[in-house]
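Below, chains carry the letters A, B, ... as their sequence lines are ordered, and counting in each starts from 1. What you see below is based on every heavy atom in this structure, not just the backbone, and it leaves out hydrogens, waters and symmetry mates.
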There are 2 protein chains.
Amino acid sequence: MSPASSAATIEEVAAAAGVSRSTVSRVVNGSPAVSPAAVAAVNDAIARLNYVPNRAARTLASRTTNAIALVVPEDPTRFFGDPFFATIVGGIYRRLAETPYVLNVFLASDDSGEKATAYLRGGNVDGALIVSHHARDGFVARIADAVPVVFAGRPTQPEIAQRAHYVDVDNVLGGRLGAGSLIDAGRTRIATIAGPADMPPGIDRLIGFEAALSDAGLEAAGIAVGDFSEASGAAAMRELLASGREIDAVFAANDLMARGAMSVLSETGRSVPADISVVGFDDSVIATQVTPRPTSVRQPSFEQGELMVEVLLGLIAEEAPERVTIVDPELVVRDSVAR
Amino acid sequence: MSPASSAATIEEVAAAAGVSRSTVSRVVNGSPAVSPAAVAAVNDAIARLNYVPNRAARTLASRTTNAIALVVPEDPTRFFGDPFFATIVGGIYRRLAETPYVLNVFLASDDSGEKATAYLRGGNVDGALIVSHHARDGFVARIADAVPVVFAGRPTQPEIAQRAHYVDVDNVLGGRLGAGSLIDAGRTRIATIAGPADMPPGIDRLIGFEAALSDAGLEAAGIAVGDFSEASGAAAMRELLASGREIDAVFAANDLMARGAMSVLSETGRSVPADISVVGFDDSVIATQVTPRPTSVRQPSFEQGELMVEVLLGLIAEEAPERVTIVDPELVVRDSVAR
DNA sequence: TTGTAAGCGTTATCAA
DNA sequence: TTGATAACGCTTACAA
């Protein structure tokens, strides 16, 4: 109430309630072994004094922080610009809201993770969630041997992926779904704008794409590589067009690149889907902001976020949760495929 | 190094270096009053033992956390979907990267801020930055009497705004700039899609808009109100068109609404800017993703974020920084105005 | 059911 | 320049 009312301590609450520190602690932590009378007195004192437990003291004494870190090795522009992050973080927050845990967010691109690493190793969180498009960053390894860690997606480095806990989308299936929808629509000259070759989603979606084509007796009408940004999608589309090969469909490894591709298509006077079908990946809000609205492979990112928290909580509780959790993508059909 | 190497303590470092706890503490905190020999021995021991100071202990003893909170009373979708947040948070991170502070992010819409409030009042941060489109949320008041607080934008509630520290954009000037560009282009039947009447940016931009029109001897050709979302911009545009009044220009209080308006214009066969000029606000990435690219009033949000940190650090250091900091918007001219 | 007392890992005060 | 020695606010055996 009063402007600078420095928080009351447990000691003061105990005095006000006429009990000992321990009893206050028990009440605060919901121990059943307290008499109703004591509970009432303590709660009353807590309310009167506006008491909030000091977290540092609690952490120090209990060796647990009730905080988990969300580490994102990306710069803010990237982090905020990509709807994938929005959705997965939404799932993380949702699941976390049911727990006493708070989330500490680290956008760790700038300082190469030094500050984040020191923070995590300083015993400030009980665990960490790592979300990135390129988890190649070396410092994640140092985080992982300080606290339990769960990754969004299979980590890039094999030696980490083999031991790490992660929640991944079946990207190979996703690639198959994307290509499959194009094949089913009767397209035969199908190109792809793939993600980077050093990133599992990039790799896996391409594998799925090629597998689906191969199953159908087709061959890719072109493979261009982007970096998941809109500009790279546009550049890749230009490259595909410039190759001279005939193309009647494009599968882009994410919606941002699909959008870049679609603007190039539109600029060069090609109609979607009449001339060229386009399928994206992510089913992000982007997919509803473009005309025609692109068919897209939906990743259950929200669910992925929730599951990451689930696994991490299991890890923290030492319940030995499944090391690898896979969620299935699904095709969301819109207007950019059918002839 | 070893998998579960529970962090070394200052005690162990002291033993390894053959000095006392105090000396280690001095070295870690950069005190000048330590002999070079001791410094060397301690640093060596720190490196060998891989020592990282325990933050909880430090916080408890020093009564300072080296952490600040970013409180955003919005749901994740909103937070991540609006480029304004991306930019301002970018500025915040940038300025913070130069300091030892870490940032704790609270997306506090879900639990009505209970968890966030308890966290902040539990002495876990040295200060808080509050960023939102609608800072009407009552709990900010409770935060403000626990730790120093800096707001992005003038708080909605007058009794808070009168005493709070904030960094605001001159929205009245922004409204003037937007309307002015339309007037300068020779438009005379200018409508506006305003922001909510209970939010300072909504109010101020409308005031600026009307002032500019009035100065030019004009009257608004229609005022529709949106909520800063794209859908609301579209609805407002339909409303304006349905009013039957002739309109040759629209000033939207943000880019998202401008985009919504532009799609309606396009759907109804109107050409921008030939038939109707459009000016947005924010100069967000959105402004470069639409065709034609809309002229927009640029808010220096990145700078605003940096300044917020600046002011908060001043507050924490008890340097009595300026209570109100105003940054000026500027017009970014693109293709959506000129006839 | 309650209280006592011993930490948790730092910083900070004071002497030396 | 260094080292004891109290805090810091809480949890948690252990006793009662």
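Interatomic distance, CZ of A:Phe106 versus CG of A:Asn104, reported as 5.5 Å (0.5 Å rounding).
When rounded to the nearest whole Å, the span between CD of B:Glu11 and P of C:dT11 equals 12 Å. Going from atom CG of B:Leu60 over to atom P of C:dA12 covers 12 Å, rounded to whole Å. If you measure from atom CD of A:Glu12 to atom P of D:dG9, you get 8 Å, rounded to the nearest angstrom. B:Arg55 places its CZ atom 22 Å from the P atom of C:dC8, with the value rounded to the nearest Å. Note: CD1 (A:Ile46) to P (D:dC10) measures 10 Å, nearest angstrom.
The shortest non-hydrogen separation linking B:Ser20 to B:Ala14 is C-CB, 3.7 Å. Closest of all the heavy-atom pairs between A:Tyr101 and A:Leu313 is CE1-CD2, 3.6 Å.
Between A:Thr9 and D:dC8 there is no side-chain polar atom (N or O) within less than 4.0 angstrom of OP1 or OP2. Taking side-chain N and O atoms only, A:Thr23 has a distance below 4.0 Å to OP1 or OP2 of C:dG3. Remark: A:Thr59 is not in phosphate contact with C:dC8, judged by side-chain N or O atoms under 4.0 Å from OP1 or OP2.
Although no hydrogens or angles enter the test, the distance criterion places no donor-acceptor pair under 3.5 Å between the side chain of B:Arg21 and the main chain of B:Val13. In terms of modelled atom types and a separation under 3.5 Å, the side chain of B:Arg95 and the main chain of B:Leu307 share no donor-acceptor contact.
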Fill in the blank from the handout: Nucleotide by nucleotide, nucleotides 11-16 of chain D touches protein heavy atoms under 4.0 Å in the pattern (B base, S sugar-phosphate only, - none) BBB---
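Residue-level contact check: A:Ala38 touches the backbone only, with heavy atoms under 4.0 Å from sugar-phosphate atoms and none from bases.
Looking at the side chain of B:Arg63, the nearest of the listed nucleotides C:dT10, D:dC8, D:dG3 is D:dC8.
Under the 3.5 Å distance criterion, with hydrogens and angles disregarded, no donor-acceptor pair is assigned to the side chains of B:Thr65 and B:Asn124.
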